[in-house]
Every structure is written in C-alpha cells, then in structure tokens.
Amino acid sequence: MELSIVIPTYNERDNVVAIASRIQASLPAGTGYEILFVDDSSDDTPEILKQLDKKDSHVRWFHRSNRRGLAQAVAEGIEASDSEYIIVMDADLQHPPEILPLIVERLRQYDVVIPSRFIPGGSDGGLNGWRKLVSWVARKLANLAIRRLRDISDATSGYFGLRRAVVDHIRLEPVGWKILLEILVKGKYRTVHELPYSFAVRDQGVSKMCLREQWNYLRHVARLLWTSPQDMRFILFCLIGAIGVVVNMKLLNFFINLGLWGDLQASCMASFLAMVHNFLLNNWLTWRDRSLAPGSLIKRFPPYLMVSCLGILVTGLTAKGFTLLGWDIYAGQFAGIVAAACWSFTLNNRWVWLLPAPSCEPAKLVVTQESVLEKVIDETVL
Ligand code: GDD
Ligand code: MN
C-alpha cells in the first residue's frame, strides 16, 4: 500500500462517515490507500466505525480502552501501518481532504510535507481569537527553543505527511497533543515542505483542547529540548557559569579562613578552581555528545583556560568602557559578563570542543514553502 491516512478520533460520531467519503472523493481512482482510525471514544463512535469498516474496504480502525492522548494515538497509528507515505489529519473536517493528492505529490519530492495555516494563502479561520493567541505563543516558543523548528511556520499542525523512513527506528514518546513536534525533533529527514491551506471551522462536535493540554505542551517542549544537545548547550553553559560564581565565592571564603595566603593569592586560587569546576561540568554536560576520548580532557583544558581568561578581559574592558563614558560600572560589569558569556560559548563550541571532521560537520536542513512562485526560504545549519 502506498498511503496510510491516520486519523485520531475522540467522540467524533458525527464526522467519521463524512471524512471517509470526502477522502475517497478527493483521491484519484486507483490510489492504494487506507484510512486508519485510532479511536479513544467514550461515545458510540466505535459502533459507527464498525459499520463503516464493513462498507468501505479502505477503512481500518482500532479502539484503545484507556484514553492516553491524541499524540500517542497518532504514534500508535503510525506504528500499526506500513505504507510508504503516512498522512495524519483530524476527523472533524477542519483539515480539508481535498489537498491530499497535492500532499502525496509533494511527498515524492520531500521527506516531510506540512499544510500550513501561516504562509501566504493559508488561514487559521477555524480558531477563535483566544485560541489564535495561545497557538501563536506556543509556536513562537517552539521556534525559539528548538533550532530545527526555526523556519517551519506551522510545527504544531495536526495535519502533515511524511515518508516512513523519517520515523523508522526512532521512538516516539510524545506528551499531550503535538506529535508533529516530536517527529520534527527526533525524525530523520533533510527536507520539509510547507503548503498553504485554510483551517476550516468545526461543524459537528466540539474541540477537545483544554488547559491541561497547554501545560502538557510546555512539558513536551521542555523534554524535547532536554534531549537535543545542540539546543541545550547555551542554557547549560550559562547555568554552569552561574553555579561557578557561587563555587568561586565559597572557595574564596574557605581560603581566607584558612589563613595561608594573602587576598590576591586566595582570590586567584578560587578563580582557578572554579574554572576547573566549570570545565569539568561543561565537558560532562554541555558538550557531552562531543567529549568522547579520555585523553581529550587534558587536551581541552589549556584552550578552555585561555578562552575563560580572555572572557575576564572582555568583561573588564566593557566595564572600563562604561566608566569612560560616564556610565555605571555595575551596568558595565553586567554587560561585560553577558558579552563574555556569548564570546566564550562561541569559542568553546567552535574550537575547544570541536570534533575533527566529518563527525562535527553540520547537516543542512532545507525548508521550502509553496506559494505561487515556489522558493527556498532558508537553509538552516543544524
Ligand atoms: N484518539 C484520540 N485520543 N483522538 C483525540 C484525542 C484523544 O485523546 N483528543 C482529540 N482527538 C482527536 C479529535 O477527535 C480530532 O479528530 C482531532 O484529534 C483533533 O481534536 P480537536 O479537538 O478537533 O482539536 P482542535 O481542532 O482544537 O486542534 C487541532 O487542529 C490544530 C490545527 O491543525 C489539533 O490537531 C491541533 O493539534 C492542531 O494544532
Ligand atoms: Mn478540530
């Protein structure tokens, strides 16, 4: 079979027959496809699906007795199918089946195809004002937090297509609703193509989106962030830097109380040991995916020390610059610390913890968007 259309259903008794017939009417005759309903309903949707299954040879369905969420239902549906192409859509006709042939056509060329509400020609008319705002915040948050998603306009869409190879051999463990986010972060793909569509108004039944799912969304993004080393790096680096300041102070206090050294010696010793502490934590956490060979620890320390000392110089020069301009020295010191953190992070990332090519060579992700004139909008270095 060429195509599996996975449709999650929760109490969609008034929609399942209509969507099956609209799908049939949209796909060219002879298309090898199945519709796989993954049902968690508590109403009589299963009865209606049973009858539909008898009448329509394209329909398959299974019921899960413990409702475990929309994204999990989709993940199970993907696992239960074996077609080359998979398209996921909602049952409630808010996702127009009429563009299915175009999605299939594009899947021959691209790994992931996303009908988007947010590119020219698309619209999110099916959402009310409040949901539009929540949806905007959610999308921006994911775009900011996860680099891979930066150029994708509708990464929270419930309508998308993919080649099976994208999710083969990966474990999908979504929390909540947004299965596409999970696939975009964990999947194996090089090309994403977006095409515009209008998100229709729901005619029958009600939306199952609720506050709990918005909380789940935040948990999901946090979890995806944690599993993605390149997205976590800067956050971890700053956190370790902040902990390093506390360690530095504590050590200074310890050495002063010890009474063996003068103030300058005690201060330098505390700073040096804090740097060692930061180095080890960064090697263990921030660049954990790059700290492979045991001997590399020794080799990396001198350049790390150099970068850190230059960082102190950057801070000092910024603070001095502020005072020369007649501005507050504390503001200068703070600006200096921010500048030094960015500077040290970049050098550590590109030099100290750089792996020899080709293992460190960045893969290119190409995102394209379809409009009247198809154009490549960006090439993102992962
Ligand atoms: N199996 C299963 N289990 N299906 C569920 C569950 C569940 O727990 N919860 C919801 N569904 C099904 C619904 O029956 C429907 O077919 C689909 O998932 C979407 O649910 P809606 O309640 O209609 O969501 P929405 O319209 O507010 O939002 C949808 O569209 C947006 C735009 O594409 C969702 O797909 C969003 O994730 C998406 O951003
Ligand atoms: Mn809906």
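Both counts, for ligands and for their atoms, begin at 1 and track the order of listing. Along the sequence shown, the residues carry numbers beginning at 1. Hydrogens, waters and symmetry mates play no part in the numbers below; they use all other heavy atoms, side chains included. Given the structure is predicted, the values throughout are model-derived calculations rather than measurements.
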**Request:** Starting from atom 35 (O) of ligand 1, find the nearest protein heavy-atom neighbour and note its residue, name and distance.
**Result:** D90 OD2, 2.9 Å
**Prompt:** Using 4.0 Å as the upper bound for N to carboxylate O, is an ion pair formed by R233 and D289?
**Reply:** yes
**Request:** Give the atoms of ligand 1, by number and element, whose distance to some non-hydrogen atom of T9 is under 4.0 Å.
**Result:** 1 (N), 2 (C), 4 (N), 14 (O)
**Prompt:** Do the rings of F199 and H95 sit parallel, tilted or perpendicular, given the 30° and 60° boundaries?
**Reply:** tilted
**Request:** Output the list of atoms in ligand 1 that are nearer than 4.0 Å to some heavy atom of Q94, sorted by atom number.
**Result:** 23 (O), 26 (O)
Please table the atom pairs, donor to acceptor, closer than 3.5 Å between any side-chain atom in residues 301-324 and protein atoms at least two apart or in another chain.
{"unit_1": "S308", "atom_1": "OG", "unit_2": "Y304", "atom_2": "O", "d": "2.9"}
{"unit_1": "T315", "atom_1": "OG1", "unit_2": "G311", "atom_2": "O", "d": "2.9"}
{"unit_1": "T318", "atom_1": "OG1", "unit_2": "V314", "atom_2": "O", "d": "2.6"}
{"unit_1": "T323", "atom_1": "OG1", "unit_2": "K320", "atom_2": "O", "d": "2.6"}

**Prompt:** For ligand 1, does W177 get within less than 4.0 Å through its side chain, its backbone, both, or neither, judged by non-hydrogen atoms?
**Reply:** side chain
**Complete:** Restricting D92 to its N/O/S atoms, the closest one to the Mn ion (ligand 2) is OD2
**Message:** Side chain, backbone, both or neither: which applies to I7 and ligand 1 if a contact is any heavy-atom pair less than 4.0 Å apart?
**Reply:** neither
**Asked** Within less than 2.8 Å of the Mn ion (ligand 2), any N, O or S from Q94?
**Response** yes
**Asked** Between the side chains of S83 and E2, is a donor N or O closer than 3.5 angstrom to an acceptor N or O?
**Response** no
**Request:** For ligand 1, indicate whether the residue K208 contacts it via side chain, backbone, both or neither (heavy-atom separation under 4.0 Å).
**Result:** both
**Message:** If the cut-off is 4.0 Å to any non-hydrogen atom of V38, which atoms of ligand 1 fall inside it?
**Reply:** 1 (N)
**Fill in**
Paired with W287, the ring-ring contact (aromatic ring centres under 6.0 Å, His included) test is passed by just one of F345, F279, W351, namely F345
**Request:** Under 4.0 Å from a heavy atom of R117: give me the atoms of ligand 1 that qualify, with their elements.
**Result:** 32 (C), 39 (O)
**Request:** May I ask you to identify, for R64, whether its side chain, its backbone, both or neither come under 4.0 Å of ligand 1 on a heavy-atom basis?
**Result:** neither
**Request:** Answer yes or no for Q72: is there a heavy-atom contact with ligand 1 below 4.0 Å?
**Result:** no
**Message:** Is it the case that ligand 1 has an N or O less than 3.5 angstrom from some N or O of S207?
**Reply:** yes
**Request:** Specify the protein heavy atom at minimum distance from atom 18 (O) of ligand 1: its residue, its atom name, and the distance to 0.1 Å.
**Result:** L70 CD1, 3.3 Å
**Message:** So, regarding A73 and ligand 1 (criterion: nitrogen or oxygen to nitrogen or oxygen, under 3.5 Å), is there a contact or not?
**Reply:** no
**Request:** Establish, yes or no, whether the cationic atom of R117 lies under 6.0 Å from the six-membered ring centre of W136 and within 45° of the ring axis.
**Result:** no
**Item:** Those atoms of ligand 1 less than 4.0 Å from some heavy atom in E12
**Value:** 13 (C), 14 (O), 15 (C), 16 (O)
**Message:** For a quick check under 3.5 Å, do T9 and T45 share a side-chain donor-acceptor pair by atom type?
**Reply:** no
**Asked** Looking at D92, which atoms of ligand 1 are within less than 4.0 Å of one of its heavy atoms?
**Response** 23 (O), 26 (O)
**Message:** Hydrogens and angles aside, do R164 and S4 bring a side-chain donor and acceptor to less than 3.5 Å of each other?
**Reply:** no
**Request:** Tell me which part of A91 gets within contact of ligand 1: side chain, backbone, both or neither, using heavy atoms under 4.0 Å.
**Result:** both
**Asked** Can you list the atoms of ligand 1 that are under 4.0 Å from a heavy atom of K178?
**Response** 36 (C), 37 (O), 38 (C), 39 (O)
**N or O contact, G158 vs ligand 1, cut-off under 3.5 Å** = yes
**Request:** Below 4.0 angstrom from a heavy atom of R202, which ligand 1 atoms are there? Numbered from 1 as shown, please.
**Result:** 21 (P), 22 (O), 23 (O)
